[in-house]
Structure formats: C-alpha cells, structure tokens
Amino acid sequence: MEDSALYPLKFYPLFKNKIWGGNKIKTDLGIDYSPLPNCGEMWILSGVEGNESMVENGFLAENNLNEVLEIYNADLIGEANYARFGNEFPLLIKIIDANDRLSVQVHPDDAHARQQGLERGKTEMWYVMDTEKNAIIIDGFSKKLTPESYQKSLADGTLMDCLNAVHPAKGDVFFIPGGRVHAIGKGILLAEIQQTSDTTYRIYDWDRTDNNGNHRELHTQQALEVLDFSKVGAVKTNYSYNKNATSKIVECPYFTTSVLTFDKPIKKDFSTLDSFVAYTCIEGICAIRTLNTIVPMRASECTLVPAIADIVELFPEKEAKVLEVYIDNPEQGTRN
C-alpha cells in the first residue's frame with residue numbers, strides 16, 4: 001500500500017432479518033438499499049466474528065474492521081484497549097427497528113459468560129430515536145424474586161406481573177447491564193451500543209411462531225443461571241442536555257457514551273484519550289474532519305475515528321445529533 005496513514009473510517013451496514021423487524025430503517029432513515037422485508041437490525045459497527053463491518057471509504061475499502069485492527073493495532077483503538085481486547089474490536093453498534101415485541105431475554109455478564117465457556121458477557125445501552133404512542137420497554141424486575149419464585153412465575157404464566165415496564169420517549173436512555181431481564185416493545189426505533197457479543201438467552205417469546213408454525217428456541221436454564229433477581233427502581237438514565245455541548249449519558253467499564261446536538265462547528269480535543277471514538281449520526285446530516293480527511297454522515301451512519309487522532313471537528317448541515325462513544329481506561333493512563 002502506497003499510502004498507509006490511518007484516517008476516519010466508514011463502513012457498509014449489515015442488515016439482519018428478524019421475525020419482529022419492520023421497515024423504518026428504510027422509510028424513516030432513508031436506507032433504501034436494505035434488501036430485507038423485516039429488517040430488525042442494522043449493524044453499523046461490528047467486530048463480531050463472521051459479521052465484521054467492511055470499510056467503505058479510502059484505500060482500506062473492502063477490508064473488514066478486524067483486519068484493519070490487525071494491521072494498525074493500538075493506533076486504531078488505543079494502547080490500553082489493544083492490550084485488553086487484542087485483534088477483536090470491542091464494541092458492536094446497531095440500529096434496531098422493533099415492528100413487534102422482541103423476546104423477553106437476558107445476557108450474561110462477564111463472570112457468568114466465562115463460567116459458560118464464553119469469552120465475554122454483554123452489557124448494552126439504548127438511545128431511543130423514535131417511539132410510537134404507548135410503546136413499552138421492559139427493564140428489570142418490578143420486585144425482588146428468588147430463582148424459585150421466578151420459575152413459578154414462568155410455569156403459571158405470571159411472569160409479566162414481575163417485570164418493570166415503562167413507556168419510553170424520544171431521547172430516553174436505558175442502561176442494561178449483563179444479568180438484567182429486558183425487552184424492546186413494538187413501535188420503537190433505537191440505537192444500541194454493546195460489548196462485542198451476540199449471546200442472548202430468550203426467556204419468553206410471546207408464544208409466537210414463524211411462517212412454518214415453529215416457535216423460536218428458548219434458553220430457560222441458561223437464563224436461570226445468569227439472571228439478576230433484584231428489584232430495579234427507576235430505569236431511565238438521567239442526563240443533562242445542552243445544545244452545542246457534549247452531554248455524557250452512560251459511563252461504564254465497557255463504553256462511555258455522550259450525545260451532542262449541534263448547529264455550529266464543534267472542535268474536540270482527544271489528545272489525552274487512549275481510545276478510538278465512534279460517532280453515530282442519529283439525526284440530520286453532518287461531517288467529521290480529522291487526520292486530513294473529511295467524512296460525511298447522515299442519520300444511522302457511523303464513523304470510526306482512530307485513537308491516533310488528537311483533534312476532531314464536527315460540522316452540521318443546519319442541525320445534527322450524534323452519539324459519541326469510546327472506551328476510557330483511566331487506570332491505564334493516557335496516550336503518550
């Protein structure tokens with residue numbers, strides 16, 4: 001390769017047909033090249049084995065994300081992140097269109113995942129991009145249970161009486177740690193940021209069947225082993241919001257996420273951050289300039305800024321909103 005300098009990367013999306021999926025990714029977000037009749041998920045940044053995102057722009061086009069990581073190592077994701085995750089990109093970012101209810105489900109945390117022979121668990125967060133009236137999100141149990149009382153509720157059909165259900169609004173944020181029961185209801189469009197894992201244990205799937213009359217597989221025993229039976233209180237994440245300022249909404253060991261709504265150019269200094277930064281546009285049109293490269297984005301598109309980038313500039317067309325995601329490792333120190 002004649003030019004080997006890293007630059008901000010855009011990727012082709014991966015589309016996932018789901019029994020509960022719809023067409024909002026095409027109709028509402030304008031992604032009119034989705035080939036699927038029930039596109040429930042669009043993976044916009046993925047290092048999941050066998051589902052790696054493919055670079056769209058620049059001389060690295062047609063290489064997948066993990067191949068780029070193998071070449072550039074810490075320059076792409078940061079020294080501490082490379083020491084921690086190696087040649088697998090550590091986050092998965094999706095757009096989810098729930099045209100019907102997703103299953104009631106749970107993901108393992110890291111400790112339970114290792115007990116089950118998996119490399120890592122799955123902690124995630126949701127940013128609600130749009131929602132229909134009376135839509136429901138299930139987030140945790142509404143009362144403290146024991147494994148025995150939980151199994152009884154499954155057997156006698158009263159599980160829904162034990163679940164914490166809320167009506168989401170546009171802009172709401174939900175943090176779902178591994179071990180927490182959850183479900184996305186019908187009529188919700190959201191962005192999901194999660195650990196790189198595709199491990200899901202279905203608990204209840206509303207007794208629905210596919211076109212052949214088959215029920216989807218449930219994972220009753222696996223779920224029982226990883227569920228946190230604690231009562232969950234208020235579930236919406238509280239955060240302050242100011243236009244043309246970065247508002248942090250989630251901070252955990254797996255990712256730090258902020259939201260930025262801006263109608264004027266913004267300059268960010270990441271010189272002390274030892275991490276990549278992923279920008280997902282969730283409203284409007286904007287452009288990112290860094291490492292002598294300009295990358296345009298529209299709603300639902302993602303740009304990966306390499307860890308070696310110190311200064312990042314964002315330019316809106318009228319007004320835009322983005323999610324900013326990185327992995328902070330303060331105990332590891334900052335980049336030299």
Side-chain angles (χ1 to χ4, degrees), residues 13-44 92-107 122 124-142 159-176 180-194 200 202-211 215-216 232 234-239 241 249-250 257 259 261 280-284 298-302 321-323:
L14 295 166
F15 300 102
K16 302 291 182 179
N17 208 56
K18 299 291 183 178
I19 193 172
W20 42 261
N23 293 291
K24 287 183 179 178
I25 288 172
K26 179 183 293 185
T27 59
D28 292 21
L29 299 179
I31 309 301
D32 54 8
Y33 48 87
S34 167
L36 305 178
N38 300 104
C39 184
E41 296 182 353
M42 181 171 67
W43 293 17
I44 56 177
L92 170 59
I93 301 178
K94 308 174 181 176
I95 305 296
I96 293 179
D97 171 20
N99 188 53
D100 197 359
R101 297 172 292 186
L102 276 69
S103 62
V104 179
Q105 58 189 242
V106 67
H107 312 299
K122 183 176 174 181
E124 61 192 21
M125 64 153 287
W126 301 330
Y127 182 94
V128 178
M129 299 170 63
D130 200 8
T131 178
E132 297 176 6
K133 186 177 180 181
N134 297 323
I136 291 291
I137 275 180
I138 292 170
D139 187 354
F141 290 110
S142 59
L159 176 65
M160 292 305 298
D161 297 336
C162 306
L163 299 177
N164 197 24
V166 298
H167 294 291
K170 183 177 179 179
D172 280 350
V173 173
F174 296 85
F175 178 69
I176 311 293
R180 181 176 294 178
V181 63
H182 61 276
I184 302 170
K186 178 180 179 180
I188 298 173
L189 181 71
L190 59 78
E192 178 178 279
I193 297 158
Q194 59 160 91
T200 296
R202 293 190 200 99
I203 295 169
Y204 176 60
D205 199 32
W206 314 104
D207 298 319
R208 65 184 154 200
T209 59
D210 62 19
N211 292 333
H215 293 276
R216 292 198 296 172
V232 175
V235 293
K236 294 182 183 181
T237 299
N238 292 320
Y239 64 96
Y241 169 82
I249 54 178
V250 169
T257 303
V259 63
T261 301
T280 299
C281 184
I282 51 177
E283 287 184 22
R298 60 172 174 163
S300 79
E301 292 185 331
C302 181
K321 181 179 289 186
V322 298
L323 296 178

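The figures here come from the full heavy-atom set of this structure, side chains too, leaving out hydrogens, waters and symmetry mates.
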When you compare the side chain of [Y] with that of [X], does any pair of heavy atoms fall below 4.5 Å?
X	Y	answer
Ile193	Leu92	no
Ile31	Lys26	no
Thr280	Ile44	yes
Phe141	Leu163	yes

Between [X] and [Y], does any side-chain N to carboxylate O distance fall below 4.0 Å?
X	Y	result
Arg208	Asp100	yes
Glu41	Lys16	no
Glu124	Arg180	no

(request) Applying side-chain contact (heavy atoms from CB on, under 4.5 Å) between Phe174 and each of Val250, Ile184, Asp139, Thr237, report the one that passes. (result) Asp139
(request) Would you check, one step at a time, whether the test side chain to side chain donor-acceptor pair (under 3.5 Å) holds for Lys170 with Tyr127? (result) CA-CA 8 Å; Lys170 183 177 179 179; Tyr127 182 94; over 6 Å; no
(request) Could you give me the CA-CA distance, side-chain angles and deciding distance for Ser300 and Met42, then say whether side chain to side chain contact (heavy atoms under 4.5 Å, CB included) is met? (result) CA-CA 9 Å; Ser300 79; Met42 181 171 67; 3.5 Å; yes
Counting distance only, does the side-chain N/O of [X] pair as donor-acceptor with the main-chain N or O of [Y] below 3.5 Å?
X	Y	value
Glu301	Ala299	no
His182	Ile138	no
Asp172	Ala169	yes
Asn38	Asn17	no
Thr131	Ile188	no

(request) With side chain to side chain contact (heavy atoms under 4.5 Å, CB included) as the test, would you mind laying out the steps for Thr200 and His107 before giving the verdict? (result) CA-CA 5 Å; Thr200 296; His107 312 299; 3.0 Å; yes
[atom2] on [Y] to [atom1] on [X], rounded to 0.5 Å:
X	Y	atom1	atom2	answer
Tyr204	Ser103	OH	OG	11.5 Å
Ile249	Phe175	CD1	CZ	11.5 Å
Met160	Ile136	CE	CD1	8.5 Å
Lys18	Leu102	NZ	CG	8.5 Å

(message) If you count heavy atoms of other groups shown closer than 6.0 angstrom to CG of Asp210, is the number above 12?
(response) yes
(message) The test is side chain to side chain contact (heavy atoms under 4.5 Å, CB included); show your working for Ile95 and Met129 and say whether it passes.
(response) CA-CA 9 Å; Ile95 305 296; Met129 299 170 63; 3.9 Å; yes
(request) Decide whether Tyr241 and Thr261 meet the rule of one side-chain donor and one side-chain acceptor closer than 3.5 Å. (result) yes
(request) Could you tell me whether Lys186 sits above the aromatic face of Trp20, with NZ or CZ closer than 6.0 angstrom to the six-membered ring centre and within 45 degrees of the axis? (result) no
(message) Quick one, Trp43 with Ile93, criterion side chain to side chain contact (heavy atoms under 4.5 Å, CB included). Give me CA distance, side-chain angles, the key distance, then yes/no.
(response) CA-CA 6 Å; Trp43 293 17; Ile93 301 178; over 6 Å; no
